[in-house]
A.B. asks: 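Below are the structure tokens for one structure; questions will follow.
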Amino acid sequence: MNATNTTEYTLALGSQAKVASALMARAPSAMKNVALRALARLLRENTAALQVDNAKDIERAVANGLSAPMVDRLKLTPKVLETCAEGCEQLAAMADVIGEIIGMKQQPSGIRVGQMRVPIGVFGMIFESRPNVTIEAASLSIKSGNACILRGGSEAIDSNKALAKLVQQALTEAGLPADAVQLVQTTDREVVGQLIAMPQFVDVIIPRGGKGLIERISRDAKVPVIKHLDGNCHTYVDDPCDIAMAVKVADNAKTNKYSPCNATEGLLVARGVAAQFLPLIGKIYADKGVEMRCDAEGRAILEGVAGANVTDATEQDWYEEYLAPIVSVKLVDGVDEAIAHINRYSSHHTDAILTTNHVHAQRFLREVDSASVMVNASTRFADGFEYGLGAEIGISTDKFHARGPVGIEGLTSLKYVVLGEGEVRA
Ligand SMILES: NC(=O)C1=CN([C@@H]2O[C@H](COP(=O)(O)OP(=O)(O)OC[C@H]3O[C@@H](n4cnc5c(N)ncnc54)[C@H](OP(=O)(O)O)[C@@H]3O)[C@@H](O)[C@H]2O)C=CC1
Ligand SMILES: N[C@@H](CCC(=O)OP(=O)(O)O)C(=O)O
């Protein structure tokens, strides 16, 4: 595509989305739910065909040397597709929040003032090469009465095109506009540049990705942005803690999956429990091939673990989001130093304390400045489905409008409604 074509193409996506958004905003719940159930059915009926398209992406990714965790997140297995289908059905079964009026109160003047929940309008979303996100974003967009323009990662283009076709088929079957969910059909990044600069059509941009993406968005966006950024997440093992539980949780937080943004990248350990805890977790990490980048004290303990791949951490490691079988390990005096380290180096996504001390837990919850703060749980739980939101658009690392996992409500806003009986202002 040349620059003129790109501009025309993106403007067309925008104007089509704008028209569709008005229809979606007033669509009855029943129609939206019909579309979601149709999408679930189509995903199941087309599982084999979708895997053929997905195989093209996977072949290209492997040929291009993409790492194993990144190839893994690209996969549309029958299980992943079934989870997507179930997600659509769960959303269909949920109450529609659009149009709900809250907080209606009579004022001294006689008017009654409340707030009505409404869709945001059109959102543009740029996200990683994980094709199931196309379905999660599309289904949340439908349920919340928005229209969206989805720009998925280039490695997933064939899978995304096939999925988007099914979404549009489901919308059409339900009598809703197909343009309510549009996929950017090219991997040309120029389209991203245009998408974030057309406030006449796009109400908000949701970038879901790493630092390169956000640098561009922060520099060029002319529409409001809800950032869904990197996860340099921490697990802090406190003194005192339940060692067996800490080992189980720290294992899951790092090794359950390596690519997600909510995987733990930094392990902080209180000196008082390090000699007991580190050899146990070190053995598990060693067996699973996790490299441990340690400070001097951590290294001294972990070097004694059979098969451990232990290296020296540099200052840069405390900032690093590895998305790989690597973890940084640092010993700290206690909760004060842990909180200070996290607030300095974390990406403010998700951080956890493993402790049996109630005061330490309360301090961690209050003082760590992250979108999710957890006590005695794996950072891997930072996820809209796990939080009971039905599905998620992603995990907002912004503080405004939505913070943490974003579900239906994050795609809505509240407008005031005023009911009178002819009152006039004095
Ligand atoms: N907070 C959250 O909810 C989530 C955050 N993430 C974060 O995403 C990152 C991992 O995914 P990864 O694929 O590496 O992320 P990237 O940031 O590389 O890519 C994400 C998307 O952004 C696009 N993109 C990246 N840079 C630019 C640019 N300069 N201009 C235009 N488009 C761009 C990519 O397009 P292209 O395909 O062309 O490269 C892709 O569609 C991690 O940091 C992870 O934590 C991941 C999932 C959820
Ligand atoms: N919500 C997700 C985490 C975000 C995610 O998908 O991350 P990524 O592996 O970077 O694409 C989950 O835990 O399932």
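One-based numbering, in listed order, for ligands and for the atoms of each. Basis for what follows: all heavy atoms, side chains included, without hydrogens, waters or symmetry-related copies.
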A.B. asks: Quick one: does ligand 1 sit under 4.0 Å from the side chain of Arg73, the backbone, both or neither, non-hydrogen atoms only?
C.D. replies: side chain
A.B. asks: In terms of ring plane angle, is the pair Tyr345 and Tyr319 parallel, tilted or perpendicular, where the classes change at 30° and 60°?
C.D. replies: perpendicular
A.B. asks: If you measure from each heavy atom of Ile393 to ligand 1, is any distance below 4.0 Å?
C.D. replies: no
A.B. asks: Report the member of Gly231, Gly210, Ser259, Ser129 with the shortest heavy-atom distance to atom 10 (O) of ligand 2.
C.D. replies: Ser259
A.B. asks: Does an N or O anywhere in Ile395 fall below 3.5 Å from an N or O of ligand 2?
C.D. replies: no
A.B. asks: I need the contact type for Asp230 against ligand 1. Using non-hydrogen atoms and a strict under-4.0 Å cut-off, is it side chain, backbone, both or neither?
C.D. replies: both
A.B. asks: Thr397 near ligand 1, heavy-atom distance under 4.0 Å?
C.D. replies: no
A.B. asks: If you take all heavy atoms of Arg189 and Arg216, which pair is closest and at what distance?
C.D. replies: O-NH1, 3.2 Å
A.B. asks: Would you say Arg208 contacts ligand 2, with heavy atoms under 4.0 Å as the rule?
C.D. replies: yes
A.B. asks: Between Arg44 and Glu89, does any NZ, NE, NH1 or NH2 come within less than 4.0 Å of an OD or OE carboxylate oxygen?
C.D. replies: yes
A.B. asks: In this structure, does ligand 2 have an atom that sits under 4.0 Å from one of the heavy atoms of Arg380?
C.D. replies: yes
A.B. asks: Using a 4.0 Å cut-off to any heavy atom of Gly153, which atoms of ligand 1 qualify?
C.D. replies: 37 (O), 40 (C), 41 (O)
A.B. asks: Numbering the atoms of ligand 1 from 1, which are under 4.0 Å from a heavy atom of Gly152?
C.D. replies: 41 (O)
A.B. asks: Just heavy atoms, cut-off under 4.0 Å: does His228 contact ligand 1 by side chain, backbone, both, or neither?
C.D. replies: both
